Amino acid sequence: MSKRRVAYYYDNDVGLYSYGLGHPMKPHRMRMTHDLVAAYGMLPKMQIFRPTHASQESMTAFHTDEYIHFLNRVTPETAEELTFHGTRFLVGEDNPAFEGVFEFCSISAGGSIDAATSIASGASDIAINWAGGLHHAKKREASGFCYINDIVLAILELLRTYPRVLYIDIDCHHGDGVEEAFYTTDRVLTCSFHKFGEYFPGTGHVDDYGRDKGLGYAVNVPLRDGLTDEVFKGVFEPVIQRILDWYQPSAVVLQCGADSLSGDKLGCFNLTMEGHASSVRFLRNSGLPLILLGGGGYTIKNVARAWCYETACALNIESTIDRNLPWNAYFEWFGPRYRLEVAENNMEDLNPKDGYLDGIKEQIFTQMSKLPFAPSVGMHEVPGESLSQHLGFAPHEQQVHEDSDELDGKLGQEFRRIFNQRKTDSSSSDSEEPESLDSDSDDAHSMSSRRRLYPHRFAKRMSLLSSVKRDSLDEESQPRRFFQSSAVWDPSLKAVVIQDDILGTSGPNGRGRIGSLMAHGGLGADGLLSMDVDMDSNVRDDWKDGDGFVSIEA
């Protein structure tokens with residue numbers, strides 16, 4: 001096969017943002033990936049671009065105006081007021097209003113939009129934006145560490161040129177935001193390989209396969225714990241090949257979420273680096289225009305390894321690069337082996353048991369057999385400029401609104417009025433039966449059938465930072481947290497210490513030193529958790545489950 005042209009989008013500023021101390025999402029992983037790619041000498045083999053920052057106008061191609069306006073204004077100090085006490089836009093604990101959130105989103109979305117433009121114009125065959133892939137963001141709300149759905153924005157750009165686009169998601173979590181955006185259209189087929197069960201976001205059942213014109217064009221492959229390379233390849237390639245043969249996509253968008261790798265902090269699969277990258281190699285060999293995006297991934301040294309290796313796969317040089325890591329700015333992070341590898345562990349793969357995966361594949365093939373071959377759509381000439389540019393208006397960033405403060409005030413008053421009205425309505429109708437989703441729906445249309453037809457509307461809100469499902473209406477529920485750190489700075493000791501007696505590493509004033517904690521793997525000095533220490537039974541259960549560990553960030 002001839003060498004394919006690869007476009008690589010990276011902005012060095014993306015690694016400067018932080019979701020907050022202790023948050024598992026680390027934008028710094030993109031800088032680690034880039035430095036590793038540069039150390040391997042891959043940059044001269046690609047077209048390197050600094051992405052254009054996405055404007056508010058471009059983001060509203062999918063998201064609502066009020067949500068984008070909110071993201072552009074929100075700060076950590078004003079988040080409580082602008083979210084109406086956490087009931088709008090940023091609901092739950094997964095998505096904090098960190099400093100520079102809008103600039104971070106504009107970099108991520110801008111890279112994906114530019115990648116789609118490059119593919120659509122024919123300037124490149126493969127486009128890479130590891131800062132993208134934030135697939136949980138909804139039309140008017142952040143979700144699962146994702147604020148702006150850059151994937152939807154990129155696909156919308158591709159649809160201006162191509163009649164059909166295939167979206168594939170190999171993140172450990174279901175790509176619910178992208179699926180929901182294109183749930184009723186046949187111009188985009190979404191296919192997600194994900195962990196299903198009591199796991200965020202709780203959607204992605206095999207029976208969720210689209211609605212109306214998009215019926216059958218949402219493919220979900222729910223998987224169990226411990227997914228290995230061989231099993232993943234055995235389900236990925238047959239399903240995707242059937243889609244390529246029958247749907248005939250014009251372009252492919254692959255979300256390479258790295259939390260499906262073995263040993264990820266929030267993942268539960270057992271894929272090696274090579275197994276994860278097998279999807280990239282398979283799609284590269286298909287010859288279709290391809291966009292590679294990032295996504296999840298919370299053991300950041302493995303994220304950098306995987307995305308660096310998949311960049312090499314896009315260049316078709318993965319078999320020639322040295323597996324011993326070259327020197328780079330983050331070399332010490334990759335110890336103790338300092339190799340380009342993510343090895344599997346001894347997890348048990350539950351997917352082949354009881355013929356589970358064979359049944360899933362058979363059901364998917366049966367659903368796809370009912371679809372028409374390569375649905376067509378009438379295409380028109382793509383406009384070379386936006387409507388505002390054609391009419392001579394200045395770009396959104398250059399417009400000066402003298403009455404912007406007055407407009408903000410009116411919007412705030414309107415939001416408060418709506419919020420108060422909804423609060424009154426909800427309190428007065430607690431004992432009433434919920435109304436049907438559609439006013440003209442048949443009385444015989446049962447609740448179970450509506451749940452099947454509209455799975456996203458009935459899904460309970462879950463959190464990536466909690467291990468249990470949380471009802472969005474239950475404001476008093478306190479889900480168990482993954483991260484229960486008690487690390488504080490002790491000025492007398494001039495060190496970070498742990499305020500927790502259950503560790504068995506107590507020092508002055510009942511505080512344990514981090515060095516002692518790390519030396520014993522998070523356990524007490526005697527190697528035990530609770531033999532000689534009196535602790536609350538709930539805390540003891542958390543530690544036994546492995547969910548109560550203390551997070552220490554370098």
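Keep in mind the model is a prediction, meaning the values are calculated, not measured. Just so you know, these numbers use all the heavy atoms, side chains as well, and skip hydrogens, waters and symmetry mates.
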Evaluate side-chain contact (heavy atoms from CB on, under 4.5 Å) for Leu290 paired with Leu292, printing each intermediate quantity in order. CA-CA 7 Å; Leu290 176 63; Leu292 300 179; 3.8 Å; yes
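- Remark: Asn328 pairs with Leu36, Ala39, Tyr330, Phe331, Phe334 by the side-chain contact (heavy atoms from CB on, under 4.5 Å) rule, at least two apart or across chains.
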Derivation of the ring pair (Phe, Tyr, Trp, His ring centres under 6.0 Å) call for Phe193 and Phe236: CA-CA 8 Å; Phe193 300 82; Phe236 180 88; 5.2 Å; yes
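- Under the side-chain contact (heavy atoms from CB on, under 4.5 Å) criterion, Asp245 pairs with Gln241, not counting sequence neighbours.
- Side chain of Asn149 to main chain of Ala137: a donor-acceptor pair is present (N/O by atom type, distance under 3.5 Å, no hydrogens or angles).
- Partner of Asp169 under the side-chain contact (heavy atoms from CB on, under 4.5 Å) criterion, out of His194, Glu179, Gln255: Gln255 alone.
- Using modelled atom types, one finds no donor on one side chain facing an acceptor on the other under 3.5 Å when comparing Asn270 with Thr228.
- Listed by chain and residue number, nothing satisfies the salt bridge (Lys or Arg N to Asp or Glu O under 4.0 Å) test with Arg140 (two or more places apart in sequence, or in another chain).
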Could you walk me through whether Phe145 and His23 satisfy the ring pair (Phe, Tyr, Trp, His ring centres under 6.0 Å) test, starting with their C-alpha distance in whole Å, then the side-chain angles of each, then the deciding distance to 0.1 Å, before giving a yes or no? CA-CA 10 Å; Phe145 310 160; His23 199 286; 4.6 Å; yes
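- Side-chain polar atoms of Thr272 and Asp229 form a donor-acceptor pair below 3.5 angstrom.
- Remark: side-chain polar atoms of Asp171 are not paired, donor with acceptor, to backbone N or O of Gly295 under 3.5 angstrom.
- No donor-acceptor contact under 3.5 angstrom links the side chains of His136 and Asp94, judged on distance only.
- Here the shortest heavy-atom pairing between Ala312 and Ile321 reads CB-CD1, 3.9 Å.
- Listed by chain and number, the residues in a side chain to side chain donor-acceptor pair (under 3.5 Å) with Asn95 amount to none (sequence neighbours excluded).
- Across all their heavy atoms, Ala120 and Thr161 have their closest contact at CB-OG1, 3.6 Å.
- By the side chain to side chain donor-acceptor pair (under 3.5 Å) test, Tyr67 pairs with no residue at all, sequence neighbours left out.
- Screening residues 99-112 for salt bridge (Lys or Arg N to Asp or Glu O under 4.0 Å) gives no qualifying pairs among residues at least two apart or on separate chains.
- Asp264 places a side-chain N or O within 3.5 Å of a backbone atom of Tyr298 that can act as its donor or acceptor partner.
- Of the possible donor and acceptor atoms, one in the side chain of Ser121 sits under 3.5 Å from a partner among the backbone N and O of Thr117.
- Of all the heavy atoms in His174 and Ser192, the pair that sits closest is CD2-OG, 3.4 Å.
- For the residue pair Asp176/Thr203, the side-chain donor-acceptor check at 3.5 Å is not satisfied.
- Residue Leu293 forms a side-chain contact (heavy atoms from CB on, under 4.5 Å) with just one option from Ile128, Leu134, Ile151, and that option is Ile151.
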Residue pair Leu153, Ile148: steps toward the side-chain contact (heavy atoms from CB on, under 4.5 Å) verdict: CA-CA 9 Å; Leu153 297 176; Ile148 293 294; 3.9 Å; yes
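- Here Asp186 pairs with nothing under the side chain to side chain donor-acceptor pair (under 3.5 Å) rule; sequence neighbours left out.
- For Thr78 (side chain) and Val74 (main-chain N/O), no donor-acceptor pair under 3.5 Å exists by modelled atom type.
- Using modelled atom types, one finds a donor on one side chain and an acceptor on the other under 3.5 Å when comparing Tyr8 with His34.
- No close placement of the Tyr10 and Trp130 rings is indicated, their centers lying 6.0 Å or farther apart.
- Take Asp13 and apply the salt bridge (Lys or Arg N to Asp or Glu O under 4.0 Å) test, not counting sequence neighbours, and it matches Arg50.
- Looking at heavy atoms from C-beta onward, Trp307 lies in side-chain contact with Met30 at the 4.5 angstrom threshold.
- Note on Arg284 versus Glu318: salt bridge recorded, some NZ/NE/NH1/NH2 to OD/OE distance being below 4.0 Å.
- Ring pair His173/Phe200 is perpendicular by interplanar angle, where above 60° counts as perpendicular and below 30° as parallel.
- Lys195 is linked by a salt bridge (Lys or Arg N to Asp or Glu O under 4.0 Å) to Asp225, counting only residues two or more places apart in sequence or in another chain.
- Cation-pi geometry between Arg187 and Phe182 is not met at under 6.0 angstrom from the ring centre and within 45 degrees of the axis.
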What verdict does the side-chain contact (heavy atoms from CB on, under 4.5 Å) test give for Leu244 and Ser286, after you've listed the backbone C-alpha separation in whole Å, the side-chain angles of each residue and the deciding distance to 0.1 Å? CA-CA 9 Å; Leu244 295 178; Ser286 70; 4.3 Å; yes
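- Looking at Thr299, its side chain never comes within 3.5 Å of a backbone N or O of Asn302 through a donor-acceptor pair.
- In this structure a side-chain-to-backbone donor-acceptor pair under 3.5 Å is present from Tyr9 to Asp114.
- Asn285 contributes a side-chain N or O that, together with a main-chain N or O of Arg281, makes up a donor-acceptor pair within less than 3.5 Å.
- Between Phe102 and Leu71, the shortest heavy-atom distance links the atoms CB-O, 3.4 Å.
- Scored by the ring-ring contact (aromatic ring centres under 6.0 Å, His included) test, Tyr247 finds Tyr217 as partners (sequence neighbours excluded).
- For the pair Leu223 and Leu227, the tightest heavy-atom approach, listed with the atom from each and the gap, is CD1-CD2, 3.6 Å.
- Scanning both residues, Phe70 and Leu82, for their nearest heavy atoms gives CE1-CB, 3.6 Å.
- Residue pairs satisfying the salt bridge (Lys or Arg N to Asp or Glu O under 4.0 Å) criterion with at least one member in residues 292-304, sequence neighbours excluded, are absent.
- Partners of Glu157 by salt bridge (Lys or Arg N to Asp or Glu O under 4.0 Å), not counting sequence neighbours, listed by chain and number: Arg160.
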Take Phe373 and Gln248, measure what side-chain contact (heavy atoms from CB on, under 4.5 Å) needs, and give me the verdict at the end. CA-CA 8 Å; Phe373 177 77; Gln248 294 287 302; 3.7 Å; yes
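- Side-chain contact between Pro76 and Phe98 is absent, with no heavy-atom pair separated by less than 4.5 Å.
- Residue-environment remark: NZ (Lys139) exceeds the threshold of 12 foreign heavy atoms within 6.0 Å.
- Side-chain contact between His53 and Ile107 is present, with at least one heavy-atom pair separated by less than 4.5 Å.
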